[in-house]
Structures are given as C-alpha cells and as structure tokens.
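Note that ligands are numbered from 1 as they come in the structure, with each ligand's atoms numbered from 1 the same way. Just so you know, these numbers use all the heavy atoms, side chains as well, and skip hydrogens, waters and symmetry mates.
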Amino acid sequence: MARYELVKRSVALITLTNPPVNALSSAVRHAIAKSMEHALNDPKVTAVVIYGENGRFCGGADIREFAGPLRGPPLVPLLDAIEAGEKPVVAAIEGVALGGGFELALVCHYRIAHFKARLGLPEVTLGILPAAGGTQRLPRLIGIPAALELITTGRHISAQEALKLGIVDQVTEQNACEVAVEFALRAVAKPLSSRRVSTLTTPCPPDLDALLEAVTMQVKKKARGAMAPLACVQAVRAAATMPYSKGIKRESELMATLFNSGQARALQYCFFAQRTAGKWTLPSGAQWNNSKPREIRRAAVIGLGTMGRGIVVSLARVGISVIAVESEKKLLETGKQMVIGMLERDAKRQGVSASLNLLKFTLSLQDLKDVDIVIEAVFEDMALKKHVFQELSKVCRPATLLCSNTSGLDVDALAGVTDRPHLVVGMHFFSPAHVMKLLEVVCGPRSSSETIATAMSLGKRMGKVSVAVGNCPGFVGNRMLKPYLDQATFLLEEGATPEQIDKALEDFGFAMGVFRMSDLAGLDVGWRVRKESGLTGPDIDPKNPPRRRQGHRYCPIPDMVCEQGRFGQKTGRGWYMYDSPGGTNAKSDPLIQNLLEMYRSRYGIQPRNISDQEIIERCLFALANEGFRILEDGIAARPEDIDVIYLFGYGFPRHRGGPMFYASMVGLERVLERLEHYHQAHPDVPHLEPSPLLKKLVACGSPPVQNWREHIKTMHSHL
Ligand SMILES: CC(C)(COP(=O)(O)OP(=O)(O)OC[C@H]1O[C@@H](n2cnc3c(N)ncnc32)[C@H](O)[C@@H]1OP(=O)(O)O)[C@@H](O)C(=O)NCCC(=O)NCCSC(=O)C[C@@H](O)CCCCCCCCCCCCC(=O)O
C-alpha cells in the first residue's frame with residue numbers, strides 16, 4: 001500500500017501503491033503512518049519525498065470506504081504529524097492530487113508538480129467538504145477568494161495555475177519524483193517553520209464579511225438546494241476568523257453534518273453510477289471489456305441543423321476528420337459558417353488554432369465512400385431517415401458504421417433498409433450536442449457488439465457520458481419524459497399554473513421546471529410527435545370524448561398553446577412570454593392564465609389548490625415508475641444507467657441522485673403507496689399504475705438500488 005525506500009542515501013521515498021488512483025484507504029493511511037514514523041526516527045534520513053505509483057500522486061480518500069464503518073488511522077492527525085515533523089517533506093505530484101491527496105500535499109513542506117498534473121478539492125461534488133484540513137490550509141496558503149472558488153466548485157486546476165496561485169513550488173517537465181528528491185536534498189538545511197501551512201496567518205481582504213456574504217448568496221443560488229457548497233463557505237470563514245486548532249474543529253463539525261446526509265450518499269452514488277454506466281453488457285455475454293471498438297479516423301455527419309452542427313464540432317474537437325453533408329447549398333453554407341464559428345471560438349478560448357483542415361462540406365453523398373462512420377442527423381421523420389439510410393447503404397463501403405441521431409424512432413426499422421443491419425446503431429445526442437455530455441447509444445436487436453463498442457468508445461473520446469440502451473419509442477430518456485410531462489399538464493388542468501409547477505421542480509433542484517424546459521426545447525417538436533401518434537390534429541374523430549385519447553386521459557392544453565403559434569423561446573411566446581424571439585428571460589403571460597381559466601370553465605373543472613408535495617410526487621413518481629418499466633422491459637440494464645441519463649441529459653439534480661435513486665431514498669414502499677393513491681384518484685392514467693418491478697422490489701424488502709439488478713436479471717432484455 002506504500003513502499004518505503006532510501007534513495008541518495010538520505011532521502012526516504014514513500015511511494016503510495018494502491019491502484020488505480022492511490023486512494024487513501026485505511027491500509028494506505030496505515031502504511032503512510034508507519035513509513036513516516038520510520039523516516040522521522042531513522043537518523044540516516046534527512047528528508048522525505050512522498051510520491052504515487054503509476055504516475056498518479058493520489059485521488060484522495062477511498063470513497064468506497066465512506067459507505068461502511070470508519071476504520072484505520074484517521075487522516076487529520078496523520079497529516080498534522082507529517083506537517084509537524086522536523087525533517088522536510090516534499091510532495092512529488094504526477095497525474096492527480098485530488099481531495100485528500102491534495103490535502104496530503106498541503107501538509108508537505110514543499111510541492112513539486114509535473115507540468116501535466118491536476119490538483120483540486122472535488123469533495124463538494126461528493127456532498128462533503130475537504131475535511132483533512134483542506135478548508136483550513138488552502139485559504140492560509142492562497143487567500144480567501146481563491147480558496148473559496150476552488151473549494152466551493154471542486155474545480156481541478158493545472159500545475160501551471162497551481163504555481164501561479166502559490167500552491168506548488170515548482171513545475172517540471174521531468175520525472176517529478178527525481179526532481180523532488182534533488183529538491184529535498186537542498187531543503188535539508190533550511191528552516192521549516194514558514195513551510196507549515198497551518199501556522200500561517202490567513203491573508204484576509206479588508207471587506208471579508210461583505211465578500212463572504214456575496215459568495216454565500218452566489219453559492220446558494222447555484223447550489224439549488226445542495227448543502228455542501230454552503231458548508232464549504234462556512235468552513236473557509238473559520239479559516240479566516242479562527243486559529244487553526246479551532247478552525248479544524250469547525251471543519252470536522254461541518255463534515256459530520258454532511259457525511260451521513262442523503263445528499264452525500266446521492267452524490268457519491270452519482271460518482272460510481274457514472275463509471276458503471278460505461279460498462280455496458282449484452283445478454284449474449286458481449287460487454288465493454290471483451291468487445292473491441294473499431295478505430296474511427298474519418299466520419300460523416302448528415303444534416304447541418306442544430307444537432308448536426310454540434311456533432312460535427314464534437315468530432316472535430318477530438319481530431320476526427322468530418323465530412324458534413326447538407327441537401328441544399330444555402331443550408332450547407334449557413335451550417336458551414338456556424339460550425340467554423342463554433343470551432344474558432346473554441347480554439348480562441350484555449351489559445352490554439354482551430355483545426356478547420358479536418359472539415360469538408362459537401363452536397364453529395366458520393367463523397368462518403370471511404371468514411372469509417374456516418375452519423376445521420378436529419379429531420380426527425382422516419383420516411384426521410386429511411387431514404388437516407390438506403391442511400392448510405394449504396395454509397396458507403398460495406399464496413400462503414402451507420403448511426404442515427406434519432407431521439408426516439410425505431411433504430412431497427414432503419415437497420416432493416418440497409419445492407420448491413422449489424423453495423424447500424426442509434427447515437428442519440430442531446431442538444432446542443434457540442435455542450436451536452438449525454439449520449440444514448442441505442443442498441444438494435446441486430447447491432448453487433450463491435451458496433452456498440454465503437455459507438456460507446458467514440459462517445460467517450462468525444463468527452464460524452466455514453467449509456468447503452470435498448471430500442472423502443474423514446475429509448476430511455478424521452479420515453480420517461482412522457483409521463484412526467486403528462487402529469488405536469490394534468491396538474492395544469494386541475495388548478496396549478498406553469499409558474500407554480502416550475503417553481504416546485506426548481507426548488508426540488510431541477511435546473512429548469514418542466515414548462516421552462518419545454519419552452520427552451522421548442523413546443524412544436526412534441527406537437528408534431530402527438531400529431532404523428534394520432535393524439536391531435538385534424539384527423540381526430542370529432543366523436544372522440546374530450547380530454548380522452550386512445551382510451552386514456554389526455555390533456556389538449558399543449559396543443560392549444562401550439563395552435564396559437566407559441567412554440568417557446570424561439571417564437572418569443574410559449575408557456576411564458578419572452579422579450580423577443582430567441583429571448584431567455586421567462587415572464588408570466590396573462591394570456592396563458594386566461595387560456596387555463598377558459599379551458600377549465602369550458603370543461604367544468606373546479607380548480608383546486610395543489611400542494612408542491614403533490615406536484616413533486618405526481619411528476620417524479622410517474623417518472624420513476626416508467627423507469628421501473630424500462631428496467632422490466634430490458635431497455636436499460638441497470639437503474640444507474642437511467643439515473644445517469646437523467647443527470648446528464650435532463651438536469652435532474654445531482655444531489656438527489658437521479659429518479660431511481662431518489663425513489664429508493666424516499667422509500668420504495670412510500671413510492672408504491674403514493675402511486676397507488678394517485679392511480680386510484682386517476683384510474684384513466686396508466687402511467688400512475690405501479691409497475692410490477694416496483695411491487696416486486698417492495699415485496700423483497702426494498703433492497704438498495706445497487707442490488708436491484710439481481711431482481712431484474714430474470715426479466716426480458718432488449719439490450
Ligand atoms: C482520479 C480520477 C481523476 C481518475 O479519473 P480516470 O478517468 O482516469 O479514472 P476513473 O474515474 O474511471 O477511476 C478509475 C477507478 O478508480 C475509482 N476511483 C477513483 N477515485 C476514487 C476514490 N477517491 N476512491 C475510490 N475509488 C476511486 C473509480 O471508481 C474507478 O473504479 P471503477 O471500478 O468504478 O471503474 C477520478 O477517478 C476522480 O475524479 N476520482 C475522485 C477524486 C475525488 O473526488 N477525490 C476526493 C475524495 S473524498 C476525500 O478525499 C475526502 C478528504 O477530504 C478526506 C476527508 C477525511 C474524511 C474523514 C471522515 C470523517 C467522517 C466524519 C463524520 C463522522 C460522523 C459520524 O460519526 O458518523
């Protein structure tokens with residue numbers, strides 16, 4: 001767990017050996033304590049270097065240990081003892097120094113960083129704070145404003161930025177360990193007192209209270225209910241106003257309130273769920289670690305609308321040459337200018353030149369003969385997409401992968417019109433595709449494991465969080481959205497307003513309530529889907545009872561809003577009004593209030609007061625209920641996959657863990673009981689009927705979310 005050796009006859013080199021990230025597990029802490037004791041007691045040793053094996057200094061505390069009882073030497077006294085020692089200790093930082101790893105470096109008397117190293121205190125993203133002295137030492141070293149920014153955001157910084165901030169003493173392009181050993185030898189004769197960061201006085205700005213107040217307000221607004229960022233501000237305040245001995249106690253009190261909280265559990269679950277999601281597996285036995293992806297050098301994107309442009313940029317950013325295809329000269333030219341503009345802005349931000357030589361723009365599919373992969377991003381219309389796939393089949397070499405960026409159409413139907421159904425897969429990007437991290441890789445029944453592996457690996461290369469899902473209307477994300485949206489509109493009918501529903505969801509932690517989100521996405525998209533599904537439009541049988549379609553409750557208010565040409569932000573009017581088309585500042589619109597009142601009076605609906613609790617329960621339990629059905633149907637392999645999709649694609653608050661984790665936190669029994677209650681009240685809403693899997697899990701004693709898989713295994717899989 002840590003190797004001890006004497007180098008250059010007098011330097012004790014302590015190397016952390018806990019792959020993959022040298023996390024500070026109890027065994028590692030134990031080994032560091034023993035090694036330090038040895039080094040401090042051995043008269044031959046004049047200095048110490050701490051280093052991490054495999055080019056990674058230390059990824060911090062072992063997060064997996066947080067779930068069980070705390071064992072082994074506690075970190076704070078261990079780190080205090082390193083700092084207090086009478087022999088100089090130098091941290092040799094390669095790779096990462098994160099969380100407890102950064103705190104370990106802060107107690108060393110000197111820090112040498114490799115130029116590619118990254119440092120940070122990401123604890124806040126795990127719902128906790130840097131509780132091994134990080135909140136007390138960092139402000140003493142770099143001042144309150146910079147420390148606040150790093151601790152409350154968890155941002156990783158480069159070695160160069162760390163040097164500028166005064167966190168590290170030297171940045172090197174050579175082997176950091178060798179440089180640190182030489183550095184340690186030179187440090188032997190120097191006094192250590194000024195190198196013990198905990199003894200420094202925190203440099204404070206004159207307007208400390210005003211600064212802390214302003215940061216608190218800012219952090220509160222961004223945190224959307226998350227507790228850890230605010231606790232971080234309070235801990236840093238202690239560093240500014242208390243001696244270290246008291247500040248460290250405050251840090252530990254604040255940590256104690258966070259450590260066992262549901263938010264910390266949710267955020268730590270998210271950390272592992274994100275990593276689990278990449279580990280796809282098929283019933284055939286093919287999976288992430290036994291299926292080799294193809295190498296992708298040349299790609300093509302068809303369609304240069306918003307999605308296509310974002311996909312081209314995502315590909316070019318990672319060095320893949322892209323041929324972008326449009327059907328008309330004018331569209332091609334507009335798309336081209338926009339893509340170039342996006343890449344140039346990107347390059348300017350990074351201080352490099354834009355790699356425009358990777359791009360080619362064309363009107364002819366014939367230019368796609370030699371590409372490795374095609375991603376189709378044309379209008380969401382099955383007939384059009386089928387036509388494109390037929391043409392691609394004729395033009396592209398037989399080995400070319402054909403992918404569709406459809407947001408919900410049948411990927412297997414597309415595969416069926418090609419000469420290579422095994423090479424067809426869905427790649428559902430989220431808008432804007434160059435910004436949003438989520439990618440649903442939609443596996444058709446005929447997609448080969450190599451095809452899936454290639455799409456997943458391409459997603460990863462583009463910096464996306466890729467999740468493999470099965471093929472059904474709407475896949476995972478958009479399929480679940482329907483019951484969520486339906487509940488929101490039913491609540492409108494019953495007496496709520498868009499403002500009230502959005503506020504309840506935003507107070508819950510969503511980045512945007514459902515109506516503001518719909519305005520942003522464009523209301524016409526759903527309207528078109530409803531028309532195609534026979535739910536609205538001129539072909540609806542007038543004898544159809546009002547507010548009912550296909551035997552179930554139906555709310556036509558969204559159709560009425562669209563009929564008025566209100567398509568959301570892009571038209572300046574939707575559920576809200578905006579200053580102008582494209583505006584983002586949503587204001588209540590009296591016309592929507594009138595429309596709701598007229599609608600209710602037309603159908604004799606007596607509006608009632610609806611509580612925020614009912615809004616949250618109906619919207620979110622209906623969402624999770626569909627998630628259970630998706631698991632039953634084998635459209636998602638694990639609850640973690642669903643949660644990752646909602647976290648990265650739909651703004652679900654991370655400190656709630658995602659819809660499935662949230663359901664488990666509320667208690668499956670309670671979710672079942674509430675769904676039964678609402679279904680009884682609204683028997684014509686099938687989405688409120690509790691799913692068999694939910695009932696099964698409750699009958700099995702509501703196991704933790706990580707164990708649901710055992711209960712799903714026996715069910716059918718589309719993956
Ligand atoms: C390090 C990374 C940047 C590497 O990224 P990369 O993409 O290369 O690799 P992966 O992310 O895929 O990771 C590979 C593999 O490693 C696992 N892993 C990574 N980091 C950790 C970790 N820190 N612990 C455990 N496992 C880790 C990862 O899961 C992958 O494995 P898998 O099987 O899932 O594929 C990147 O990994 C990264 O960013 N890691 C996290 C870095 C981080 O967040 N560090 C901070 C950790 S928290 C911390 O350090 C806290 C400290 O401040 C110490 C605080 C002291 C705690 C004392 C407790 C006091 C409690 C008091 C309350 C008492 C109340 C009571 O009485 O009950």
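Of all protein heavy atoms, the one closest to atom 3 (C) of ligand 1 is L98 CD1, 3.8 Å. Closest to atom 4 (C) of ligand 1, if we only count protein heavy atoms, is R56 NH2, 3.7 Å. In this structure, atom 29 (O) of ligand 1 lies nearest to the protein heavy atom F272 CE2, 3.4 Å. If you check which protein heavy atom lies closest to atom 17 (C) of ligand 1, you get P20 CG, 4.4 Å. Nearest to atom 42 (C) of ligand 1 among the protein's heavy atoms is G59 O, 3.4 Å. Closest to atom 31 (O) of ligand 1, if we only count protein heavy atoms, is R64 NH2, 4.0 Å. Nearest to atom 38 (C) of ligand 1 among the protein's heavy atoms is F271 CE1, 3.9 Å.
R224 forms no cation-pi arrangement with F510, by the criterion of a distance under 6.0 Å to the ring centre and an angle within 45° of the ring axis. Both the sub-6.0 Å distance and the 45° axial angle are satisfied by R275 relative to the ring of F271.
Of the polar atoms of G100, at least one N or O is found under 3.5 Å from an N or O of ligand 1, judged by distance alone. When only interatomic distances are considered, the shortest N/O to N/O separation between M255 and ligand 1 does not fall below 3.5 Å. Of the polar atoms of I63, at least one N or O is found under 3.5 Å from an N or O of ligand 1, judged by distance alone. Between R275 and ligand 1, a contact under 3.5 Å exists for at least one N or O pair. Ligand 1 has an N or O atom lying under 3.5 Å from an N or O atom of A131, backbone or side chain. Not a single N or O atom of F66, backbone or side chain, sits closer than 3.5 Å to an N or O atom of ligand 1.
Within the 4.0 Å heavy-atom criterion, the part of L126 lying near ligand 1 is the side chain and not the backbone. Contacts between N260 and ligand 1, counted as non-hydrogen atom pairs separated by less than 4.0 Å, involve the side chain only.
Relative orientation of the Y4 and H38 rings is parallel, given thresholds of 30° and 60° on the angle between their planes. The aromatic rings of H428 and F430 are tilted relative to each other, their planes meeting at an angle between 30° and 60°.
Heavy-atom minimum distance, L121 versus G134: CD1-O, 4.4 Å. P139 and P203 get closest at one heavy-atom pair: O-CD, 3.5 Å. Heavy-atom minimum distance, R71 versus S26: O-CB, 3.5 Å.
Within the 4.0 angstrom cut-off, atom 34 (O) of ligand 1 has one or more protein heavy-atom neighbours. For atom 12 (O) of ligand 1, a protein non-hydrogen atom is found at a distance below 4.0 Å.
Using a 4.0 Å cut-off between charged side-chain N and carboxylate O, R196 and E86 make a salt bridge. A salt bridge links E149 to R155: at least one charged side-chain nitrogen sits closer than 4.0 Å to a carboxylate oxygen.
Of the options L121, T257, V21, the smallest heavy-atom separation from atom 19 (C) of ligand 1 is shown by V21.
Under the side chain to side chain donor-acceptor pair (under 3.5 Å) rule, Y244 has a single partner from Q136, R137, K249, which is R137.
Between the side chain of R317 and the backbone N or O of H434 there is at least one donor-acceptor pair closer than 3.5 Å.
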